[in-house]
Amino acid sequence: MRVQSSATAPTGIAVHAPSKSFGTLQAALGVAAFSLTFPATAWGLEGFGPWSLVAVRSVLAALIAAGCLAALRVPMPSRRDRPGLAVVALGVVVGFPLLTTLALRTSTTAHAAVVVGLLPLTTALLSALRMGTRPSRTFWTAALAGAAAVVAFTVQQSGGALTTADLYLFAALLVCAAGYTEGGRLARVMPGWQVIAWALVLCLPIGVPAAVLALSYEPVHLTAHSVAGLLWVAAGSQFLGLVVWYRGMAAIGIPKASQLQLAQPLLTLVWSVLLLGEHLTVAAPLTAAAVLVCIAVTQRARG
């Protein structure tokens, strides 16, 4: 049985769509988890090569997901949902982690945050094309203003210079937006945690040999930072964060949930100061205030 707003899940447990306020809270928790991804990746790169880090994080997250699916005896997804799960897998399990990790070899977390500043707008655009949603003009005006504020701030933080890493970042932006859009759609017909869980499991047959191959070629130097970074991007960013994120998108809609990510670059920059010792300018609180206003407008705008 396919789960709509309220139904009985295959496990026999009743599944109810979360309220709008609870959905907003879950989407916000997802953003908080994602805001740690770039600093955690930077930590992971202290002890792992980029290909090893991405492959191992995927395998660890997939094992967690497989354990949850097996423990709850969740049946296989229907055939009509599998193409969408493949898009999620390519976008958020493989594409975004790999491309951003490659970019972070030469880019600072502040510069990489540019892609996150553009992600909400791109996700809302792809959602409109894919699902036929039509947000209001007020929504789009606030979204564009928020994206412009975030981009201006993050570009200023990185000195305004484009690097070769930008190719990776812009590609990551597109594949992640596609994965978010498809995942948000699927979260309307199955529990959100199952969306990312099945996407992760789908990548396991490729992830295991990729991890073995990468580890055989790239040197590994285990440190407290590298292990902590790996564990977070695997369990926090790759699984738990996406679980609450997709549930939030299913409850409040993809365009509105995506605008909560306008706060993500600023949170990332805060973590960069605390965890990586990077420095912020006085523009940070001003940009934060502008972004919060934009988020408030988008959440109130009627689509």
Side-chain angles (χ1 to χ4, degrees), residues 31 33-58 61 88-123 126 147 150-180 203 207 210-211 214 217-221 225-226 228-230 232-234 236-238 241-242 258 261-273 275-280:
V31 170
F34 300 153
S35 71
L36 277 163
T37 300
F38 286 171
T41 300
W43 272 9
L45 287 172
E46 292 181 11
F48 295 89
W51 296 91
S52 298
L53 182 61
V54 172
V56 173
R57 74 179 271 186
S58 174
V88 176
L90 291 174
V92 302
V93 177
V94 178
F96 188 77
L98 177 59
L99 292 167
T100 54
T101 299
L102 291 173
L104 284 170
R105 292 181 304 168
T106 56
S107 174
T108 65
T109 56
H111 189 80
V114 173
V115 70
V116 181
L118 294 174
L119 186 56
L121 185 59
T122 307
T123 302
L126 289 184
V150 170
V151 169
F153 175 67
T154 50
V155 168
Q156 185 272 334
Q157 288 290 296
S158 62
L162 296 178
T163 68
T164 55
D166 289 318
L167 294 177
Y168 291 128
L169 294 173
F170 287 125
L173 168 69
L174 294 175
V175 298
C176 189
Y180 279 175
C203 293
Y217 280 93
E218 295 179 334
V220 175
H221 304 287
H225 277 182
S226 63
L230 171 63
W232 179 259
V233 294
S237 302
Q238 195 80 77
L242 286 168
S258 69
Q261 280 197 305
L262 287 169
Q264 185 175 324
L266 302 177
L267 290 174
T268 297
L269 290 172
V270 171
W271 294 124
S272 298
V273 171
L275 301 177
L276 303 177
E278 295 185 4
H279 300 283
L280 299 182

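These numbers come from a predicted model, not from an experiment.
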Value for CG (D166) from OG (S107), rounded to nearest 0.5 Å, stands at 7.0 Å

When rounded to the nearest 0.5 Å, the distance separating CG of L99 from CG of L173 is 10.5 Å

May I ask you to test the W43-V233 pair for a side-chain heavy-atom distance under 4.5 Å? no

All heavy atoms of A172 vs all of T100, minimum pair found to be CB-CG2, 3.8 Å

Closest non-hydrogen contact found for R105 with L45 is N-CD1, 4.3 Å

For Y168, does the OH atom have more than 12 heavy-atom neighbours from other residues, nucleotides or ligands under 6.0 Å away? no

* Hey, is the main chain of F34 close enough, under 3.5 Å, to the side chain of T37 for a donor-acceptor pair? -> yes

Checklist line | CA sep, side-chain torsions, deciding dist, call: L102, W51, side chain to side chain contact (heavy atoms under 4.5 Å, CB included) | finding: CA-CA 8 Å; L102 291 173; W51 296 91; 4.2 Å; yes

Can you find a pair of side-chain heavy atoms, one from C203 and one from V94, that are under 4.5 Å apart? yes

Checklist entry - Just by distance, do the side chain of E218 and the backbone of S52 share a donor-acceptor pair under 3.5 Å? => result yes

| task | Check whether any side-chain N or O of S58 sits under 3.5 Å from a backbone N or O of V54 as a donor-acceptor pair, and report yes or no. | result | no

**Study point:** Minimum side-chain heavy-atom gap L230-V56 below 4.5 Å
**Key:** yes

Checklist entry - Is there a donor-acceptor contact under 3.5 Å from the side chain of T268 to the main chain of S35? => result yes

To the nearest 0.5 Å, atom CG of L36 lies from atom CD of Q264 at 9.5 Å

G236 and A33 have their tightest heavy-atom pair at O-CB, 4.2 Å

Note, T109 side chain near W271 side chain (heavy atom, < 4.5 Å): no

Heavy-atom nearest pair, A112 first then F38, reads O-CE1, 3.3 Å

Taken to the nearest 0.5 Å, the spacing of L90 CG from L98 CG works out to 11.5 Å

The reported gap from OG1 in T123 to OH in Y180 (rounded to nearest 0.5 angstrom) is 7.5 Å

In this structure, CG of L126 is separated from SG of C176 (nearest 0.5 Å) by 10.5 Å

Minimal heavy-atom distance between A103 and L169, with the atoms involved, is CB-CD2, 3.6 Å

Between A42 and L276, the two heavy atoms sitting closest are CB-CD1, 4.1 Å

